[in-house]
S.K.: 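Structure provided below as structure tokens; questions to follow.
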Number of protein chains: 2
Amino acid sequence: MSIEVMSTETIGKKLRYIREEKELPLRKVAALLDIDVAILSKMERGERRITKEVVLKLANIYDYNADDLLVSYLSDKILYEIQDEDLGIEALKLAEQRAKYIKANKKK
Amino acid sequence: MSIEVMSTETIGKKLRYIREEKELPLRKVAALLDIDVAILSKMERGERRITKEVVLKLANIYDYNADDLLVSYLSDKILYEIQDEDLGIEALKLAEQRAKYIKANKKK
DNA sequence: ACCTCTATTGACATAATGTGTCAAAATTAA
DNA sequence: TTAATTTTGACACATTATGTCAATAGAGGT
């Protein structure tokens, strides 16, 4: 898998690619995360949900850009919601429009 | 609420607006949907999730464009996932890119 | 073949979340 | 006030998510 096509991959595949580049076994990474090896294996293969917390910890462990991984992680969650809906792309466009509207109008 | 700003509203508020335009009480609509009045009330106020099935039934009951409501419904689910994430808009852009990629490459 | 390390799979108990039903309370209109 | 409508909260139940563990599978080296 090249860097170019990585953006269209799931966060799981991306994390596995990065881990294998570092030549780190699941066993070691799972230990650092303090989670079961089975869970990390399933997370990389999309069988279990990854939490934001784990993504941030992995960015730290792999010394990889956290924002890049977070965007990938969030887009995964988004795509899961629209699955194979015909109107998915339309919904994404409206969601972006609404997100910008919310961002512009929120008081802090 | 005007039609112009309706696109930035939740599916719930939109459905309530349409229902009130038709001057239909929750009681009657809930009966047509065969669900409890309390649930429909909560759905309109975003306290309970609306199902795709209910959205389609309401489009029929209100004689309102189903695709329009579905896009609104899906964008609601999408925005729920990114909540108030700083990287939300970036994630939406990546998700759209990935959705287009998937759409272009899927075999049926 | 063996042995070792690594990764995957599935079963299980428990936790967390979602859902339907109902009645009381609150709101609104007449 | 009376009646209709809507909201709120509590409850039991169903569904889904999660962590733990052990058995299985796979790849390499000896």
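No hydrogens, no waters, no symmetry mates; every other heavy atom, side chains included, goes into these values. Just so we're on the same page: letters track the sequence lines, and every chain starts at 1.
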S.K.: Can a side chain N or O of A:R16 be found less than 4.0 Å away from OP1 or OP2 on C:dT8?
M.R.: yes

S.K.: What nucleic acid atoms does A:R49 come within less than 4.0 Å of, heavy atoms only: base, sugar-phosphate, or nothing?
M.R.: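 Counting heavy atoms under 4.0 Å across all strands, the contact made by A:R49 is with sugar-phosphate only.
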
S.K.: Identify which nucleotide among C:dG10, C:dT21, D:dT5 has an atom closest to any side-chain atom of B:P25, counting heavy atoms from C-beta outward.
M.R.: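 Of the options given, the side chain of B:P25 lies nearest D:dT5.
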
S.K.: What is the distance, to the nearest angstrom, from the CD1 atom on B:I39 to the P atom on D:dA14?
M.R.: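 To the nearest whole Å, that distance equals 16 Å.
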
S.K.: Is any side-chain N of the basic residue among A:K77 and A:E81 closer than 4.0 Å to the acidic one's carboxylate O?
M.R.: no

S.K.: Between atom CD1 in B:I50 and atom P in C:dT19, what is the gap in whole Å?
M.R.: 11 Å

S.K.: Would one find a side-chain N or O of B:R19 under 4.0 angstrom from OP1 or OP2 of D:dT5?
M.R.: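 B:R19 to D:dT5 OP1/OP2: no side-chain N or O under 4.0 Å.
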
S.K.: Check this for me, if you would: do B:E44 and B:R19 make a salt bridge, where the nitrogen-to-carboxylate-oxygen distance has to be below 4.0 angstrom?
M.R.: yes

S.K.: If you check the B:K42 side chain, which of D:dT7, D:dT8, C:dT19 turns out closest?
M.R.: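 Out of D:dT7, D:dT8, C:dT19, the nucleotide with an atom closest to B:K42's side chain is D:dT8.
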
S.K.: Do B:K22 and B:D63 sit within salt-bridge range, that is, some charged N less than 4.0 Å from a carboxylate O?
M.R.: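 Looking at B:K22 and B:D63, the cut-off is not met.
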
S.K.: Would you mind classifying the nucleic acid contact of B:I35 as base, sugar-phosphate or nothing, using non-hydrogen atoms under 4.0 angstrom?
M.R.: nothing

S.K.: Regarding B:L26, tell me which of base, sugar-phosphate or nothing describes its non-hydrogen contacts under 4.0 Å with the strands shown.
M.R.: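 B:L26: backbone/sugar contact only, no base atoms under 4.0 Å.
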
S.K.: Output the rounded distance in Å from CZ (A:R45) to P (C:dT6).
M.R.: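 About 17 Å, once rounded to whole Å.
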
S.K.: Can you tell me if B:S41 touches the phosphate of D:dT7, counting only side-chain N or O atoms and a distance under 4.0 Å to OP1 or OP2?
M.R.: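 Checking B:S41 against D:dT7: at least one side-chain N or O falls below 4.0 Å of OP1 or OP2.
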
S.K.: For the pair made of CD in A:E47 and C1' in C:dA7, what is the distance, rounded to whole Å?
M.R.: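 From A:E47 CD to C:dA7 C1': 12 Å.
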
S.K.: Let me know the distance between CG of A:L40 and P of C:dT8, rounded to the nearest Å.
M.R.: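 So the CG-P distance, A:L40 to C:dT8, works out to 9 Å.
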
S.K.: Side chain of A:V37 only, please: which of D:dA10, C:dT8, D:dT7 is the nearest?
M.R.: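 When the side chain of A:V37 is considered, C:dT8 is the closest of D:dA10, C:dT8, D:dT7.
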
S.K.: B:R27 has an atom CZ; how far is it from atom C1' of D:dT7, in whole Å?
M.R.: 16 Å

S.K.: Expressed in angstrom and rounded to an integer, what is the separation of B:E20 atom CD from C:dA29 atom C1'?
M.R.: 14 Å

S.K.: If each of A:A38 and B:L24 is mapped to the nucleotide of DNA chain D with the nearest heavy atom, which maps nearer the 5' terminus, i.e. the 5' end?
M.R.: B:L24

S.K.: Among B:I35, B:L58, B:L15, exactly one meets side-chain contact (heavy atoms from CB on, under 4.5 Å) together with B:V29. Which residue is that?
M.R.: B:L58

S.K.: In this structure, how many angstroms lie between the C1' atom of C:dC22 and the CZ atom of B:R48, rounded?
M.R.: 12 Å

S.K.: Can a salt bridge be assigned to the pair B:E9 and A:R98 using a cut-off of 4.0 Å between side-chain N and carboxylate O?
M.R.: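 So B:E9 does not pair with A:R98 through a salt bridge.
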
